[in-house]
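Keep in mind that what you see is a predicted model, and the values were worked out from it rather than measured.
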Amino acid sequence: AASPNGKFLLADSYNGGSASLFPLNQDGTLGAEQQMLQFGNEAEAHSAGFDPASKFAWVPTLGLNKVQQLKLSADGTLSKNAPADVASSGDAGPRHIAVHKNGKWAYVINETASTMTPYTISADGQLSAGATVSTLPQGTNGETYGQHVELSPDGRFLYGSNVGHDSIAVFAVDQASGALTWLQDQPSGGAWPRDFHVDPNGDVLVVANRDSNNLAVFKIGGDGKLSPLGQPKTVANEPTSVVIRYQP
């Protein structure tokens with residue numbers, strides 16, 4: 001994750017259980033790693049998110065069933081907040097995080113439980129969990145896991161991918177409380193939608209379906225719901241990540 005002020009990059013190590021901070025140069029290149037924080041060999045650090053002011057960062061650690069709470073000083077010193085983490089209920093398995101542009105809310109998709117947890121962010125960077133919701137339709141059975149989460153650019157909608165069920169869950173975000181309301185579970189157009197990306201204009205969402213070796217494109221409607229655009233595009237080598245960039 002890149003800090004919103006454009007100065008730093010925070011990278012996680014799943015096998016190492018750590019997060020590393022790098023300076024981000026104006027031309028987009030990275031400087032040498034300037035700091036590493038260890039969470040434990042079994043932590044399985046999985047993603048990172050910054051608040052809009054670049055003062056705080058959060059790292060879901062799947063193996064510990066906790067979200068790590070960090071502070072970032074103006075000079076680029078990363079430290080653990082107090083308390084240093086917030087536990088997920090049950091064995092939810094927090095995986096990826098998305099932070100709302102207003103800096104008040106964050107959303108974590110839970111891998112093991114196939115759920116989404118909204119959090120309220122305090123002025124000192126602490127997370128408080130709200131009502132967790134399922135990312136799956138009622139009555140779904142079989143092996144499923146939550147994977148990736150993103151907000152629409154305007155912050156009105158939230159998207160999460162389900163592997164096994166092979167769908168993208170769509171939620172409306174209450175603009176007063178940050179609470180979630182389920183809108184849709186759209187088939188992902190392939191198998192094992194490990195990653196997806198919402199384009200910067202909020203018009204389309206592209207899914208990387210790993211096990212079917214394809215990219216599927218969906219139009220985002222004014223109501224936040226997804227509809228397929230054309231046929232999925234076959235690609236090679238099990239795509240696990242996708243990023244949309246518009247060239248000038």
Peer 1: Could you tell me whether the side chain of Val108 reaches within less than 4.5 Å of the side chain of Val149, counting heavy atoms only?
Peer 2: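 Side chain of Val149 against side chain of Val108, heavy atoms only: no contact under 4.5 Å found.
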Peer 1: Once rounded to the nearest 0.5 Å, what's the spacing between atom CD of Gln138 and atom OG1 of Thr140?
Peer 2: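 One finds 9.0 Å between CD of Gln138 and OG1 of Thr140.
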Peer 1: Evaluate side chain to side chain donor-acceptor pair (under 3.5 Å) for Ser114 paired with Thr144, printing each intermediate quantity in order.
Peer 2: CA-CA 7 Å; Ser114 294; Thr144 63; 3.2 Å; yes
Peer 1: I'd like to check Val59 versus Leu10 (side-chain heavy atoms, cut-off strictly below 4.5 Å). Are they in contact?
Peer 2: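 The answer is yes, as the side chains (C-beta and beyond) meet within the 4.5 Å cut-off.
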Peer 1: Treating Tyr107 as the side-chain partner and Tyr159 as the backbone partner, does any N or O pair qualify as donor plus acceptor under 3.5 Å?
Peer 2: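 Not a single qualifying donor-acceptor pair exists.
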Peer 1: Quick one: closest heavy-atom pair of Ala2 and Leu24, and the distance?
Peer 2: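 Closest heavy-atom pair between Ala2 and Leu24: CB-CD2, 4.3 Å.
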Peer 1: Show your reasoning for whether side chain to side chain contact (heavy atoms under 4.5 Å, CB included) applies to Lys80 and Lys71.
Peer 2: CA-CA 6 Å; Lys80 295 183 179 181; Lys71 297 186 292 185; over 6 Å; no
Peer 1: Below 4.5 Å, heavy atoms only, C-beta onward: do Trp182 and Val133 meet side chain to side chain?
Peer 2: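 SC-SC contact between Trp182 and Val133 ruled out.
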Peer 1: Any side-chain to backbone donor/acceptor pair from Asp51 onto Phe56? Under 3.5 Å, distance only.
Peer 2: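 Yes: the side chain of Asp51 pairs with the backbone of Phe56.
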Peer 1: Roughly how far, to the nearest 0.5 Å, is CG of Asn25 from CG of Leu30?
Peer 2: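 With rounding to 0.5 Å, CG (Leu30) is 7.5 Å from CG (Asn25).
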Peer 1: Side-chain contact, heavy-atom cut-off 4.5 Å: Gln38 with Ser18?
Peer 2: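 In short, these two side chains touch, coming nearer than 4.5 Å.
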Peer 1: Distance-only, no hydrogens or angles: does the Ser161 side chain make a donor-acceptor pair with backbone N or O of His148 under 3.5 Å?
Peer 2: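 Judged by distance alone, yes, a pair lies under 3.5 Å.
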Peer 1: With the 4.5 Å side-chain cut-off for hydrophobic clustering, are Tyr119 and Trp58 part of the same group?
Peer 2: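 As far as the 4.5 Å side-chain criterion goes, Trp58 and Tyr119 are connected within one cluster.
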Peer 1: May I ask you to decide if Asn65's main-chain N or O and Asp91's side chain share a donor-acceptor pair within less than 3.5 Å?
Peer 2: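 No; judged by distance alone, with no hydrogens or angles, the pair does not exist.
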Peer 1: Rounded to the nearest 0.5 Å, how far apart are OG of Ser152 and NE2 of His100?
Peer 2: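 Here the rounded value is 7.0 Å.
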Peer 1: If we check side chain to side chain contact (heavy atoms under 4.5 Å, CB included) with Leu229, which of these qualifies: Val206, Leu205, Ile220, Val204?
Peer 2: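 Single pass found, and it is Val204.
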Peer 1: Does any N or O in the side chain of Asp185 come within less than 3.5 Å of the main-chain N or O of Leu136, such that one atom is a donor and the other an acceptor?
Peer 2: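 Checked: no pair found.
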Peer 1: Would you check if Val173 and Gln175 make a side-chain contact, meaning some heavy-atom pair closer than 4.5 Å?
Peer 2: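 Val173 reaches Gln175 side chain to side chain.
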Peer 1: Is Leu9 reachable from Leu72 through a run of I, L, V, M, F, W or Y residues, each pair having side-chain heavy atoms under 4.5 Å apart?
Peer 2: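 The answer is no; the residues belong to distinct hydrophobic clusters.
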Peer 1: Evaluate whether atom CG of Asp174 has more than 12 neighbouring non-hydrogen atoms of other residues, nucleotides or ligands under 6.0 angstrom away.
Peer 2: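 Atom CG in Asp174 is crowded, with more than 12 foreign heavy atoms closer than 6.0 Å.
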Peer 1: List the steps, then state whether side chain to side chain contact (heavy atoms under 4.5 Å, CB included) holds for Leu151 with Leu158.
Peer 2: CA-CA 4 Å; Leu151 285 150; Leu158 185 75; 3.6 Å; yes
Peer 1: Before you tell me yes or no, could you show the steps for Glu238 and Trp192 under side chain to side chain contact (heavy atoms under 4.5 Å, CB included), namely the whole-Å CA-CA distance, both residues' side-chain angles and the distance that decides it to 0.1 Å?
Peer 2: CA-CA 10 Å; Glu238 298 183 341; Trp192 214 264; over 6 Å; no
Peer 1: Should Pro137 and His165 count as side-chain neighbours, where that means a heavy-atom distance under 4.5 Å?
Peer 2: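 With C-beta onward as the side chain, the pair touches.
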Peer 1: Same cluster for Trp105 and Ile109 if Ile/Leu/Val/Met/Phe/Trp/Tyr side chains link at under 4.5 Å?
Peer 2: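 In one cluster with Trp105: Ile109, yes.
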Peer 1: Gly125 and Ile121: which non-hydrogen atoms are nearest, and at how many Å?
Peer 2: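 Reported closest heavy-atom pair: CA-CG2, 4.2 Å.
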Peer 1: CE of Met116 to OG of Ser134: how many Å apart, nearest 0.5 Å?
Peer 2: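 Output value for this atom pair is 10.0 Å.
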Peer 1: Quick check: closest heavy atoms across Val163 and Arg194, and the distance to 0.1 Å?
Peer 2: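 Shortest heavy-atom contact: CG1-N, 4.1 Å.
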Peer 1: Without swapping roles, check the side chain of Asn110 against the backbone of Thr112 for a donor-acceptor pair under 3.5 Å.
Peer 2: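 Such a contact is absent between Asn110 side chain and Thr112 backbone.
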Peer 1: Please check if the side chain of Asp75 supplies one atom and the backbone of Thr77 the other of a donor-acceptor pair under 3.5 Å.
Peer 2: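 Pair found, side chain donor or acceptor close to backbone of Thr77.
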Peer 1: So, Thr234 side chain and Asn213 main chain: donor-acceptor pair closer than 3.5 Å or not?
Peer 2: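 Absent.
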Peer 1: Looking at Thr115 and Thr132, would you say the former's side chain and the latter's main chain have a donor-acceptor pair under 3.5 Å?
Peer 2: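 Not confirmed, Thr115 side chain does not pair with Thr132 backbone.
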Peer 1: Can you see which heavy atom on Ala48 is nearest to which on Asp12, and at what distance?
Peer 2: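 Here Ala48 and Asp12 meet closest at N-OD2, 3.5 Å.
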Peer 1: Side-chain donor-acceptor pair under 3.5 Å between Asp166 and Ser188, yes or no?
Peer 2: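 There is no such pair (donor and acceptor under 3.5 Å, judged by atom type) between the side chains of Asp166 and Ser188.
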Peer 1: Are Val86 and Val99 connected in a single hydrophobic cluster, I mean Ile/Leu/Val/Met/Phe/Trp/Tyr linked by side-chain heavy atoms less than 4.5 Å apart?
Peer 2: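 Yes, same cluster.
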Peer 1: Treat each ILVMFWY residue as a node, draw an edge where side-chain heavy atoms are under 4.5 Å apart, and state whether Phe157 and Leu226 are in one component.
Peer 2: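 Cluster IDs for Phe157 and Leu226 match.
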Peer 1: Does Lys219 reach the side chain of Asp203, with side-chain heavy atoms less than 4.5 Å apart?
Peer 2: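 Heavy-atom side-chain distance check fails, nothing below 4.5 Å.
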Peer 1: Are there more than 12 heavy atoms of other residues, nucleotides or ligands under 6.0 Å from atom CG of Asn201?
Peer 2: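 Yes, because the 6.0 Å sphere around CG of Asn201 holds more than 12 heavy atoms from other groups.
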Peer 1: Starting at CD1 of Ile168, measure out to CD of Gln184 and round the result to the nearest 0.5 Å.
Peer 2: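 Those atoms lie 10.0 Å apart.
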Peer 1: Nearest 0.5 Å please: distance from the NE2 atom of His96 over to the CG atom of Asp195.
Peer 2: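 It comes to 7.5 Å.
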Peer 1: Could you tell me whether a side-chain N or O of Glu33 sits under 3.5 Å from a main-chain N or O of Ser20, the two making a donor and an acceptor?
Peer 2: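 Not confirmed, Glu33 side chain does not pair with Ser20 backbone.
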Peer 1: Which atom names give the shortest non-hydrogen contact between Gln69 and Leu127, and what distance separates them?
Peer 2: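 For Gln69 versus Leu127, the nearest heavy atoms are OE1-N, 2.8 Å.
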Peer 1: Compute whether any side-chain donor of one residue and acceptor of the other, for Tyr145 and Glu143, lie under 3.5 angstrom apart.
Peer 2: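 A pair is found: one side chain offers a donor N or O, the other an acceptor, under 3.5 Å apart.
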Peer 1: For the residue pair Asn5 and Phe50, establish whether any side-chain heavy-atom pair is separated by less than 4.5 Å.
Peer 2: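 In short, these two side chains do not touch, never coming nearer than 4.5 Å.
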Peer 1: Show the nearest heavy-atom pair for residues Ala32 and Pro23, with the distance to one decimal.
Peer 2: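 In this case the closest contact between Ala32 and Pro23 is O-CD, 3.2 Å.
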